[in-house]
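Numbering of ligands and ligand atoms starts at 1, following listing order.
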Amino acid sequence: METCPADGAVALQVAGAASSSAHALSSLLTPGPSLAPSPSPATATGPIDSSSPAPAPRPPIDWVAIERRCRAILPARGVVAARQELLAYDCDGLTLHRWEPPLVVLPETTEQVAALLRLCHREGVPFVARGSGTGLSGGAVAETPALVIATTRMRKVLEIDLPNRRITVQPGVINSWVTRAVAGDGFYYAPDPSSQVVCSIGGNVAENSGGVHCLKYGVTSNHVLEMEVVLPDGTITTLGSGLAETPELDLRGVFIGSEGTLGIATAITLRLLRAPASVAVLLADFTSMEAAAEAVRGITAAGILPAGMEMMDRLCIEAVNDYLGAQEYPADAAAVLLVELDGHQEEVAVALELATERCRQAGARTVRLAREAEDRARLWQGRKSAISALGRRFPSYYLQDGVVPRTALPEVMRAIGELSERYGLPVANVFHAGDGNLHPLILYRSDEPGVGERVQALAAEILRLCIAAGGSISGEHGVGNDKRCYMDWMFAPDDLATMQLVRQAFDPEGLANPGKVFPTPKTCGESARRRSEQPALAAVELF
Ligand SMILES: Cc1cc2nc3c(=O)[nH]c(=O)nc-3n(C[C@H](O)[C@H](O)[C@H](O)COP(=O)(O)OP(=O)(O)OC[C@H]3O[C@@H](n4cnc5c(N)ncnc54)[C@H](O)[C@@H]3O)c2cc1C
């Protein structure tokens with residue numbers, strides 16, 4: 001049964017502009033005491049292990065007693081303990097692996113989150129923060145028994161401060177609601193993951209999410225000014241200061257992208273941008289992926305910085321046309337490239353001319369231009385619904401997320417095609433081409449015996465390919481539990497050990513999202529063995 005991601009289906013509460021909460025918020029914005037590194041077993045006894053610290057033996061958790069205490073903290077509807085309801089939280093957007101949590105809670109306020117974390121701290125209960133559950137790296141799941149703290153009832157806009165171009169929201173606020181709240185005044189929030197109509201700002205912060213417009217405007221970390229955070233011992237603190245630049249150690253930056261391992265963000269102040277004066281979108285179609293990738297290279301070489309530059313291959317084009325019930329993209333194309341240009345009118349006109357020329361030089365058959373808001377939205381709708389469209393045709397897919405330098409795109413696209421053939425598994429490609437951020441979707445039938453291992457082996461080869469090309473094992477979907485065993489492909493033991501020290505400074509007991517991001521000896525020992533037994537891990541040879 002495909003139950004996830006489920007939280008998107010939870011009825012959305014309308015975000016009220018609760019400016020009065022700004023006062024409540026400001027009274028909480030006092031630095032908390034517990035960021036000084038406490039002596040952890042690792043620091044006390046010498047060099048730390050680069051893998052996740054083996055959890056100290058804890059007495060078994062009495063979940064019935066924990067449920068009773070959670071009920072004392074939260075309103076009745078804030079505790080989910082019925083088996084059939086817990087199933088909705090057994091995975092995130094990565095549906096390959098599932099773990100049913102023992103208990104889920106739905107706090108509504110910072111104080112309730114703090115009370116829950118104090119309870120966890122006192123009783124030694126691990127916890128997992130969860131937003132909308134659209135993550136693609138198994139980050140918001142309780143792989144070992146843990147209290148899942150979902151923010152789906154924390155959906156208030158707390159303050160809109162247009163003169164200073166800022167907005168403060170609770171973490172469960174949906175990404176696209178932020179722009180909706182300020183669009184009438186000519187502002188918008190730039191980071192726009194393709195999941196933006198359902199993913200939460202808290203999840204975006206934890207994953208440092210990107211999106212179509214991050215090529216020009218930067219990812220989430222470039223747009224978060226300040227955060228109210230509840231630390232794993234229940235302390236409420238503030239990271240950042242609401243200003244663009246301040247002189248202290250950037251703990252705000254440390255928290256962003258930490259995948260729920262340092263605490264729970266309970267209020268987030270975001271930077272707003274003025275909507276550009278002029279916007280145009282180009283759609284160019286090609287007879288090969290390599291040609292489309294050449295166009296990406298040509299456009300950037302011409303000195304143009306598009307707001308977004310996205311690519312889709314034939315499998316995606318067919319699925320999207322079918323999903324939209326229209327031939328929105330040329331049906332016989334091997335690849336399409338969408339290029340958005342924005343800025344002042346004259347600037348956009350010059351960039352349009354240059355980008356069109358570069359697309360044609362790379363072999364584009366046609367270049368279509370959309371200037372009107374409605375036409376642009378239609379072109380983007382196809383791109384943004386590509387994964388759902390593929391999901392309708394191929395109910396089981398495994399979406400990878402790797403990065404390569406833009407200049408390596410043509411070779412890497414060819415190599416992914418070869419790997420797909422070698423493994424006998426179709427791979428669809430829809431991705432942020434301007435950032436070199438690949439999203440190969442491995443399509444499979446879940447009822448085929450042994451397919452899970454084959455899918456994972458192919459995904460691992462694609463990541464090796466990315467590293468061999470000078471890239472990374474993750475661009476924006478995070479590491480979670482899915483890629484923790486690949487961390488040592490990129491980082492030396494000392495790097496991982498240093499990251500662990502930072503984590504332990506926030507969370508000496510290791511209660512926050514245990515087992516995520518860092519390799520654990522148990523799970524990665526096994527998977528490392530499995531990987532070395534497979535004959536075909538030589539993606540590096542493709543270069
Ligand atoms: C169809 C589809 C398209 C996508 N497109 C993109 C894309 O273009 N760009 C992109 O970057 N991602 C994309 N994603 C991935 C995903 O949507 C993002 O990672 C998103 O930020 C996750 O948000 P969420 O609310 O669903 O978080 P969840 O999945 O619930 O959680 C993700 C992580 O955040 C932690 N977390 C959640 N809330 C908090 C909090 N308040 N405090 C601390 N930690 C917290 C969790 O513990 C977990 O580790 C896509 C996913 C899907 C399904």
Side-chain angles (χ1 to χ4, degrees), residues 4-8 10 89 91-95 104 107 110 113 117 126-143 146 148-152 154-155 169-176 191-215 219-221 224 227-232 239 255-268 308 310 383-391 397 399 401 403 430-432 435 437 439 441 474-482 484 506 512-517:
C4 289
D7 320 49
V10 171
Y89 299 87
C91 67
D92 58 6
L94 175 66
T95 55
V104 175
T110 300
V113 174
L117 292 203
F127 65 88
V128 176
R130 185 172 170 108
S132 299
T134 68
L136 290 164
S137 55
V141 291
E143 187 179 354
V148 171
I149 303 179
T151 60
T152 38
M154 300 184 77
R155 288 187 164 165
V169 299
Q170 282 191 307
V173 163
I174 301 301
N175 174 296
S176 60
D192 55 348
S194 302
S195 52
Q196 70 180 139
V197 295
V198 62
C199 67
S200 73
I201 291 295
N204 293 175
V205 166
E207 299 289 6
N208 193 15
S209 294
V212 167
H213 288 104
C214 295
L215 173 60
V219 292
T220 303
S221 61
V224 173
M227 275 175 297
E228 178 192 67
V229 166
V230 182
L231 299 174
L239 308 178
F255 192 93
I256 297 170
S258 61
E259 303 192 27
T261 62
L262 305 183
I264 300 186
T266 47
I268 302 139
E310 303 280 308
R383 159 60 185 97
K384 295 215 169 186
S385 56
I387 296 173
S388 317
L390 282 160
Y397 61 76
L399 175 51
D401 163 48
V403 181
V430 46
F431 59 99
H432 310 305
D435 299 307
N437 185 187
H439 289 331
L441 277 94
S474 175
E476 56 183 18
H477 296 168
V479 175
N481 61 20
D482 186 41
R484 63 188 165 201
F506 281 77
N513 216 358
K516 308 294 163 53
V517 182

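Between Glu143 and Arg484 there is a salt bridge, since at least one side-chain N of the basic residue sits less than 4.0 Å from a carboxylate O of the acidic one. Salt-bridge annotation for Lys516 and Glu259: absent, with no side-chain N of the basic residue lying under 4.0 Å from a carboxylate O of the acidic one.
The contact set between ligand 1 and Leu136, taken as ligand atoms under 4.0 Å from a residue heavy atom, comprises 14 (N), 15 (C), 50 (C), 51 (C), 52 (C). Against a heavy-atom cut-off of under 4.0 Å, Gly131 is close to the following atoms of ligand 1: 25 (O), 28 (P), 30 (O), 37 (C), 38 (N). The His432 neighbourhood of ligand 1 comprises atoms 8 (O), with distances under 4.0 Å to a heavy atom of that residue. Distances below 4.0 Å separate heavy atoms of Ile264 from the following atoms of ligand 1: 41 (N), 42 (N), 43 (C). Interface atoms of ligand 1 facing Gly260, defined by a heavy-atom separation under 4.0 Å, are 44 (N). Atoms of ligand 1 found under 4.0 Å from any heavy atom of Pro171, numbered from 1 in the order shown, are 41 (N). Under a 4.0 Å criterion applied to the non-hydrogen atoms of Ala206, ligand 1 contributes the atoms 34 (O), 35 (C), 36 (N), 44 (N), 45 (C). Atoms of ligand 1 found under 4.0 Å from any heavy atom of Ser209, numbered from 1 in the order shown, are 11 (O), 18 (C), 19 (O), 20 (C), 21 (O).
Using cut-offs of 30° and 60° for the angle between ring planes, the Phe255 and Phe506 rings count as tilted.
For ligand 1, the polar-atom distance check finds no N/O of Ile387 at less than 3.5 Å from any of the ligand's N/O atoms. For His439, no nitrogen or oxygen atom sits less than 3.5 Å from a nitrogen or oxygen atom of ligand 1, counting backbone and side chain alike. Considering backbone and side-chain atoms together, Arg130 places no N or O closer than 3.5 Å to any N or O of ligand 1. Between Gly210 and ligand 1, an N or O atom pair is found at a separation short of 3.5 Å. Considering backbone and side-chain atoms alike, Glu259 places an N or O below 3.5 Å from some N or O of ligand 1. On a distance-only criterion, Cys199 and ligand 1 share no N/O pair closer than 3.5 Å. Taking only nitrogen or oxygen atoms, main chain and side chain alike, Ala129 reaches within less than 3.5 Å of ligand 1. For ligand 1, the polar-atom distance check against Asn204 finds a nitrogen or oxygen pair separated by under 3.5 Å.
Annotation: side-chain hydrogen bond (donor to acceptor under 3.5 Å, both in side chains) contacts of Ser474 (sequence neighbours excluded): Asp401.
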Checklist entry - What's the verdict on side chain to side chain donor-acceptor pair (under 3.5 Å) for Gln196 and Ser176, showing C-alpha distance, side-chain angles and the deciding distance? => result CA-CA 5 Å; Gln196 70 180 139; Ser176 60; 5.5 Å; no

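Heavy atoms of Gly93 come nearer than 4.0 angstrom to ligand 1 in no pair at all. Heavy-atom distances between Gly263 and ligand 1 reach below 4.0 Å in at least one pair.
Both the backbone and the side chain of Glu476 come within 4.0 Å of ligand 1, counting heavy atoms alone. Here Ser132 has heavy atoms under 4.0 Å from ligand 1 in both its backbone and its side chain. With a heavy-atom cut-off of 4.0 Å, Asn513 touches ligand 1 through its side chain alone.
In this structure, the side chain of Thr220 engages the main chain of Ser209 through a donor-acceptor pair within 3.5 Å. Looking at Asn175, its side chain does come within 3.5 Å of a backbone N or O of Pro191 through a donor-acceptor pair. At least one donor-acceptor pair under 3.5 Å links the side chain of Ser200 to the backbone N or O of Gly203. Checking side-chain atoms of Asp92 against main-chain N and O of Gly139 turns up a donor-acceptor pair under 3.5 Å. Under a 3.5 Å cut-off, the side chain of Asn208 and the backbone N or O of Ser221 do form a donor-acceptor pair.
Side-chain contact between Glu207 and Cys199: absent, with no pair of heavy atoms (C-beta onward) separated by less than 4.5 Å.
Applying the salt bridge (Lys or Arg N to Asp or Glu O under 4.0 Å) rule to pairs touching residues 191-205 yields Asp192-Lys384, sequence neighbours excluded.
Comparing Gly480, Gly138, Ser195 against atom 2 (C) of ligand 1, the shortest heavy-atom distance belongs to Ser195.
Residues His439 and Phe431 approach most closely at N-CB, 3.4 Å, considering heavy atoms.
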